[in-house]
Amino acid sequence: MIAIMCSGGDSSGMNPAIKKFVDYAYDKNLTPYFIYDGLEGLIDGNIKEAWHKDVAGIMHLGGTIIRTSRSKRFYKFSNRQTAYNNLKKYNIDKLIVLGGDGSFKAMDIFCQEFDISFIGVPSTIDNDINGTDYCLGVDTSLNVIKNALDDIRDTSSSFKRAFVVETMGRNCGYLALISALTSGAEICIIPEIEYDLNSLQKRLSQEIKNGRSYILAVVSEATNDTDKIKQWIKTDLKFEVREMKLGHIQRGGSPSVYDRLMAFEFISYSIDRLMQDKVNEIIVYKDSKFKFLKVDEVVNDIYKIDNKLLELVKKLTK
Ligand code: F6P
């Protein structure tokens, strides 16, 4: 039997993945199961057979209908033993986990201890998983941020104001970088690039003199510098300024077409792989191709943003 669960932060695209999981499992004569509430639910035995009717009408929904969690209890062996016993009750020996690094590390340990096959599907708005160019949900999140920045520009330009907009991303500046570039922001502050307030001041003061009537600054939460940039705009640039933390709306929203399609691909490849072999791997999308990597290859290194993208955004940091 095969089961799917989510773990860690939710991301849009999880529901299309869950729908594909059920439909494709039945196509392949497998009985699909849901594990509700992530690793917490696995420990608590919150497991249920999944039917087509469970996934009818969920394609357009953000979040995850089987919910997710961050579990500290899973660190304890006795809880993992309980989790395994729960899976055995339903003869589940194949698992698909939609999650991030932390979840994959936990599953890696679990699969080495017990007779379980597992494929991890990189799913996080942060797009910070090593070995893959894309994580499920990042496209929807970027579109939520794009819409927010477009709206903020409307009010910002009407009032001769600067806006400092903080994006999520945990330790990674990817969301801020892509959003700043594609929204035409004036400033982008990310942890991957050292910024230079003196040259930013020179450039922007000149632009203000030449008639610039608003400023958009996109700041990654990973820098912790949102307030600093706001104060600097106020005192050094002498420009009226407002701050906005986009927060958890970045994790919501109807999954984009791209996230839906990628969810289908991730899931069908993963089920095919689980049917072939006993595996303990992560499916990644690298250089426009799907492939499988060992968990170690993914979790032992930190994700690095493509140099070409970093080069493109440099001019917004100085
Ligand atoms: O990993 C996804 C993410 O949304 C990060 O971007 C953010 O730092 C964190 O999760 C927020 O976590 P929580 O939902 O627990 O507040």
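In each ligand, atom 1 is the first atom listed, and ligand 1 is the first ligand listed. Keep in mind the model is a prediction, meaning the values are calculated, not measured.
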Q. Should we count NZ of K286 as having more than 12 external heavy atoms under 6.0 Å?
A. yes
Q: Supply the atom-to-atom distance I283 CD1 to I271 CD1, rounded to the nearest 0.5 angstrom.
A: 10.5 Å
Q: May I ask you to check if R80 and F77 form a cation-pi contact, with NZ or CZ under 6.0 angstrom from the six-membered ring centre and within 45° of the axis?
A: no
(Q) So if I count the atoms of ligand 1 from 1 in the order they appear, which ones are less than 4.0 Å from some heavy atom of R70? (A) 10 (O), 12 (O), 13 (P), 14 (O), 15 (O)
Q. When the ring centroid of Y24 is compared with that of F264, is the distance short of 6.0 Å?
A. no
Q. Does ligand 1 have any atom that is closer than 4.0 Å to a heavy atom of Q250?
A. no
Q | Shortest protein heavy-atom distance from atom 6 (O) of ligand 1, along with the residue and atom involved | A | D126 OD1, 2.6 Å
Q. Looking at F34, does the NZ or CZ of K48 lie under 6.0 angstrom from its six-membered ring centre and within 45 degrees of the ring axis?
A. no
Q: Among all protein heavy atoms, pick out the one at the shortest distance from atom 11 (C) of ligand 1; state its residue, atom name and that distance to 0.1 Å.
A: R251 NH1, 3.7 Å
Q) With a cut-off of under 6.0 Å to the ring centre and 45° to the axis, is R273 in cation-pi contact with F292? A) yes
Q: Would you kindly specify which portion of E221 sits under 4.0 Å from ligand 1, judged on non-hydrogen atoms: side chain, backbone, both or neither?
A: side chain
Q: Flag G169 as yes when one of its N or O atoms lies below 3.5 Å from any N or O atom of ligand 1, and as no otherwise.
A: yes
Q. Which protein non-hydrogen atom lies closest to atom 9 (C) of ligand 1, naming both residue and atom, and how far is it?
A. R170 NH2, 3.6 Å
Q) In terms of atom number and element, which parts of ligand 1 are under 4.0 angstrom from non-hydrogen atoms of H248? A) 13 (P), 14 (O), 16 (O)
